[in-house]
Amino acid sequence: MILQMNPFISSPLLSSYRLNPFLFSKRQRYLKLSQWHFSRITKPRFFAGISAWLQGIFTFLRLYFCDSGIMVSWCIAVAAAENDMLPKTFDFTSEERIYNWWESQGYFKPSFERGSDSFVISMPPPNVTGSLHMGHAMFVTLEDIMVRYHRMKGRPTLWLPGTDHAGIATQLVVEKMLASEGIKRVDLSRDEFTKRVWEWKEKYGGTITSQIKRLGASCDWTRERFTLDEQLSRAVIEAFIRLHEKGLIYQGSYMVNWSPYLQTAVSDLEVEYSEEPGTLYYIKYRVAGGSRSDFLTIATTRPETLFGDVAIAVNPQDDRYSKYIGRMAIVPMTYGRHVPIISDKYVDKEFGTGVLKISPGHDHNDYLLARKLGLPILNVMNKDGTLNEVAGLYSGLDRFEARKKLWSDLEETGLAVKKEPHILRVPRSQRGGEVIEPLVSKQWFVTMEPLAEKALRAVEKGELTIMPERFEKIYNHWLSNIKDWCISRQLWWGHRIPVWYIVGKDCEEEYIVARNADEALEKAREKYGKNVEIYQDPDVLDTWFSSALWPFSTLGWPDVSNDDFKRFYPTTMLETGHDILFFWVARMVMMGIEFTGTVPFSYVYLHGLIKDSQGRKMSKTLGNVIDPIDTIKEFGTDALRFSLALGTAGQDLNLSTERLTSNKAFTNKLWNAGKFILQNLPSQSDISAWETIMAYKFDDEEFLRGAHLPECWVVSKLHMLIDTVTASYDKFFFGDVGREAYDFFWSDFADWYIEASKSRLYHSGHDSDALQAQAVLLYVFEIILKLLHPFMPFVTEELWQALPNRNEALMVSSWPQTSLPRHLSSIKRFENLQALTRAIRNARAEYSVEPAKRISASIVANKEVIQYISKEKEVLALLSRLDLLNVHFTESPPGDATQSVHLVASEGLEAYLPLADMVDISAEVQRLSKRLSKMQSEYDGLVARLNSPKFVEKAPKDIVRGVQEKAAEAEEKINLTKNRLAFLKSTVLVTK
């Protein structure tokens, strides 16, 4: 056969439909064929010759064989091969090729050709040290859906990407790298170390970016930003100076989360709490001036902090200890140091012994209580987690070593009462996993209350919409109870704090804030004379400080005359995980209003966490981490994206292999539908057919009035789908979009219309019917690809380019028009046809009719129903596997009704299927009789067990319940079988 003889026939180079480098070349020539333009790819002469030769062969074969009515099925195969050069399944490896082409064509950049109302998203910058995880996959998927949708709507669309310098994480990575070389950070100067970090960043920092591209992210990579870029660094310095000038930045000693290993303060977000088994220690505190029986027993989980005790507190309503209030207690192992015994309702009478030691230097709650009561703050710990000189003999010991030794000594002195197991809520560093120590440290802070007030009003006034709405309460609660923000970190990698101190002066009182060292020196000389010496604060700013400026610093701020800033700020949408609503989103709102006078985005869309199939958080410990890159290799990017996008905003999503497998099958279904359509379109050389197809105006009411029922139904349903899907996109209901498009494609288009169209394509004697079906198939499939493209960009683009006359990429094509005509009466009529088909199919299955067997049918209905059902006799016969010559339509039951299976499809629409057509009645009676006997035997056994008192009384309740359910099910089956046997026997009698 010719198709098998020539190896070039399967080559993508020979198909002008096939997505390939030649198709995406600008070197194209167009041949005008009446009103239709066909794009021809410029190929090397050799391949052009082969293609022309094959085209000639196909044309000859069609004219000679097909038009003369010879070998029709072979002609269909020839036409299919001519039109369809797609491989059997979508090749995931082609995703990179498609993505590179999109990017090379500049499609990711904002275009103002079709509109001026821009849609802008600033990508949440992943850490430069990061490797793609499902959280990244989630935000990339959702944001890309938004961007692709609005791009197709004609809006100038900017999705601005970038990465975060990730101070702690990056410094840790580089320190580990240096350690492998036998080098410690402190062995290098600060400049030498930061140079090594930059070298690492240039070599490895692009990993996360390339992985994000694998997900199909249509970002404008020409605008990619990094939080330590020169321009963004300038914005950070400017923000610090302006806040300081307004008195909103100050320096002071306050309680922070301290990482002894990293030797820096860390943010609340970088502290993870875990439930861990620990110990509750009970210790005697003697009452000064009292007898040996006068003591208070205190329960604590951290006995080593007792050296920092400044008071003992009891609840004023606790009668057990009221006599001691106002007296002094002796702190154990401190050589008799006295602390006051005070009362405060903060103390929980029910916890431990109801007596609380106040250690404000090492506990957040104690710190707040001490500040309220005016108690002193005593620090007993060094920055490296060892105890300091305040601990006396325990000075220099690691905090955990000190705990063991102290308890041992307390036992020896008789001050240890007991210890017992206790579940602790342990704060651990997100980076290193070590236990975080609450510690009072001198840091830089931002006064947050005046900034928070403006951010609260933005939501109240409707300037900012948070989705889902329930998160507004959380946002409002946090901002209403906000604490000052510690913005300094004791690191070398990051934005250095723009503060310079005067040599020989008090750091807290005498310092200069400036944009650079030269400006600082100039200011210092003006105030202290020419011989003044200055040095810069060694700390860097919290990474979240630069991230808080992200929506506007990436667009050129503080240069408000920058073109990008004027065009794209404020942005439209901020999409991120709900877990950083406080730490990032709220801070961006506050900083945006403070520095630009405008809320930085109009909408906040919060997604949930990705969990495993059992609803557990993914972790290496549980071994349930799903790697996105591995998932893409196995299931494809489109299946992964579709799986992630079907969730509900703000709710966690359980991801399973079953879900991914199902959506991979959806990708394959879409691909197979495309192959079917391509195989059944007219040849490109059939100019007349294409002119007829292109003449159909699906946006005109006239088409629906003249279309056959299946075509009118599917186009009407499609037009309704466009409206509902577009509305869901506009409301950010992406889960609804996915489900609505999925259901229409799979259930309505693939399962029903494609199958119905085969009656026109293969069995109809009218070319006009076939052309109408081809036009509808092409039109509906084009729209489906557009609606699904934001979710599944790769497979839809590949299929789009395989269709005829693709002069542009799908991703920049226009979104379907809404409010198109639809016929509700035709929808109802086709639903009746579907109901009739289902009823016949069910009857065939019930009587085990062989799939290939064609059966007779009498359709009974009133004149109106018969009129439209009978017109689709071929469709009904094809879908129900009826004998086309023995399908009859009548207003009353047929004469052999008593020997037929009676079906009620819907009100006023019935069918009678002659039983003799479906089964050998005598053989079926014998088969069912044997089956009934077996079922009766099994049922009797179940009933006997249930009638046994021993079984009912002694067997577990779930076992008894299971037997009862089996008995009820068996009884139902017996009754159904008896009814069928009775019907069959009566039919036999009537026949005789």
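A distance of 8.5 Å separates CD in Glu711 from CZ in Phe830, rounded to the nearest 0.5 Å. In this structure, Leu799 CG and Ile677 CD1 are separated by 9.0 Å, a value rounded to the nearest 0.5 Å. Atom CD1 of residue Ile855 and atom CG of residue Asn886 lie 11.0 Å apart, to the nearest 0.5 angstrom. Distance check, rounded to the nearest 0.5 Å: CG of Leu810 to CG of Leu788 gives 10.0 Å. In this structure, CZ on Phe744 lies 10.5 Å from CE on Met720, to the nearest 0.5 angstrom. If you take CG on Asn672 and CD on Gln679, they are separated by 9.0 Å, rounding to the nearest 0.5 Å.
A donor-acceptor pair is defined here as one N or O able to donate and one able to accept, closer than 3.5 Å; such a pair exists between the side chain of Ser683 and the backbone of Ser685. Asp700 places no side-chain N or O within donor-acceptor distance of the main-chain N or O of Phe703, the cut-off being under 3.5 Å. Judged by distance alone, with hydrogens and angles left aside, the side-chain atoms of Arg822 form a donor-acceptor pair with the main-chain N or O of Leu820 at under 3.5 Å. Ser848 contributes no side-chain N or O that, together with a main-chain N or O of Arg844, makes up a donor-acceptor pair within less than 3.5 Å. Checking side-chain atoms of Glu910 against main-chain N and O of Leu903 turns up no donor-acceptor pair under 3.5 Å. No donor-acceptor pair closer than 3.5 Å links the side chain of Ser826 to the backbone N or O of Leu824. Side-chain atoms of Asp917 come within 3.5 Å of backbone atoms of Ser856 as a donor-acceptor pair (strictly under, hydrogens ignored). In terms of modelled atom types and a separation under 3.5 Å, the side chain of Ser662 and the main chain of Glu658 share no donor-acceptor contact. Side chain of Asn663 to main chain of Arg659: a donor-acceptor pair is present (N/O by atom type, distance under 3.5 Å, no hydrogens or angles). Formation of a donor-acceptor pair under 3.5 Å by the Asn842 side chain with backbone atoms of Arg838 is found in this model.
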Quiz prompt | Pair Leu704-Ser716, side chain to side chain contact (heavy atoms under 4.5 Å, CB included): steps then yes or no | solution = CA-CA 8 Å; Leu704 294 180; Ser716 295; 4.1 Å; yes

Practice problem: Go through Leu761 and Leu777 one step at a time and tell me if the side chain to side chain contact (heavy atoms under 4.5 Å, CB included) criterion holds. | Solution: CA-CA 11 Å; Leu761 300 172; Leu777 282 168; 4.0 Å; yes

Self-check item: Stepwise side chain to side chain contact (heavy atoms under 4.5 Å, CB included) check, Asp743 with Asp748
Solution: CA-CA 7 Å; Asp743 289 344; Asp748 294 337; over 6 Å; no

Self-check item: side chain to side chain donor-acceptor pair (under 3.5 Å) assessment of Ser813 paired with Glu808
Solution: CA-CA 7 Å; Ser813 65; Glu808 63 180 358; 4.7 Å; no

Exercise. Please assess Thr726 against Trp815 for the test side chain to side chain donor-acceptor pair (under 3.5 Å), listing each intermediate value before the final yes or no.
Key: CA-CA 9 Å; Thr726 301; Trp815 188 255; 3.0 Å; yes

Exercise. Go through Arg641 and Asp144 one step at a time and tell me if the salt bridge (charged side-chain N to carboxylate O under 4.0 Å, His left out) criterion holds.
Key: CA-CA 10 Å; Arg641 286 171 58 119; Asp144 198 44; 2.8 Å; yes

Exercise. Evaluate the criterion side chain to side chain donor-acceptor pair (under 3.5 Å) for residue pair Ser814 and Arg114; output intermediate values, then yes/no.
Key: CA-CA 10 Å; Ser814 297; Arg114 290 192 286 162; 2.9 Å; yes

Quiz prompt | Pair Ile866-Lys863, side chain to side chain contact (heavy atoms under 4.5 Å, CB included): steps then yes or no | solution = CA-CA 5 Å; Ile866 288 177; Lys863 286 184 179 179; 5.7 Å; no

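Checked against Arg760 for a salt bridge (Lys or Arg N to Asp or Glu O under 4.0 Å), the options Glu874, Glu755, Glu872 give a single hit: Glu872. Among Leu709, Ile754, Val780, the one residue that satisfies the side chain to side chain contact (heavy atoms under 4.5 Å, CB included) test with Val714 is Val780.
Relative orientation of the Phe698 and Tyr779 rings is parallel, given thresholds of 30° and 60° on the angle between their planes.
In this structure, the side chains of Tyr696 and Glu702 stay at 4.5 Å or more apart for every pair of heavy atoms. Using a 4.5 Å heavy-atom threshold, the side chains of Glu798 and Ile98 count as touching. Using a 4.5 Å cut-off on side-chain heavy atoms (C-beta onward), Leu803 and Phe781 make contact. For the pair Ile722/Gln817, no side-chain contact is recorded, criterion being any heavy-atom separation below 4.5 Å from C-beta on. Side-chain contact check for Lys717 versus Ile827: some heavy-atom pair is nearer than 4.5 Å. The closest side-chain heavy-atom distance from Arg881 to Arg841 is not below 4.5 Å. For the pair Pro793 and Asp638, the minimum side-chain heavy-atom distance is below 4.5 Å. Phe791 places none of its side-chain heavy atoms less than 4.5 Å from the side chain of His789.
A salt bridge links Lys669 with Asp751: the closest approach of a Lys/Arg side-chain nitrogen to an acidic carboxylate oxygen falls below 4.0 angstrom. Using a cut-off of 4.0 Å between Lys/Arg side-chain N and Asp/Glu carboxylate O, Glu782 and Lys786 are scored as not salt-bridged.
The minimum heavy-atom distance linking Leu884 with Ala877 is given by the pair CD1-CB, 3.7 Å. Across all their heavy atoms, Leu787 and Tyr729 have their closest contact at O-OH, 2.9 Å. Nearest heavy atoms, Leu646 versus Gly738: CD2-CA, 3.7 Å. Across Met918 and Val901, no two heavy atoms sit closer than the pair CE-CG2, 3.3 Å. Looking at every heavy atom in both residues, Lys664 comes nearest to Ala639 through N-CB, 3.6 Å. Nearest heavy-atom pair, Ser728 versus Val737, reported as atom, atom and distance to 0.1 Å: CB-CG2, 3.4 Å.
Residues Phe90 and Trp671 place their aromatic rings such that the two centres sit under 6.0 Å apart. Here Phe666 and Phe745 bring their ring centres to under 6.0 angstrom of each other. Taking the six-membered ring where the residue is Trp, the centroids of Tyr753 and Trp713 are separated by 6.0 Å or more.
In the displayed structure, Lys853 atom NZ is contacted under 6.0 Å by more than 12 heavy atoms of other residues, nucleotides or ligands. Within a 6.0 Å sphere centred on CD of Glu891, heavy atoms belonging to other residues, nucleotides or ligands number more than 12.
For the pair Arg148 and Trp102, the cation-pi test (distance below 6.0 Å, angle within 45°) is passed. Geometrically, Arg806 engages Trp800 in a cation-pi contact defined by less than 6.0 Å to the ring centre and at most 45° from the axis.
Side-chain contact, Asn832 with Ser906: a donor N or O sits under 3.5 Å from an acceptor N or O.
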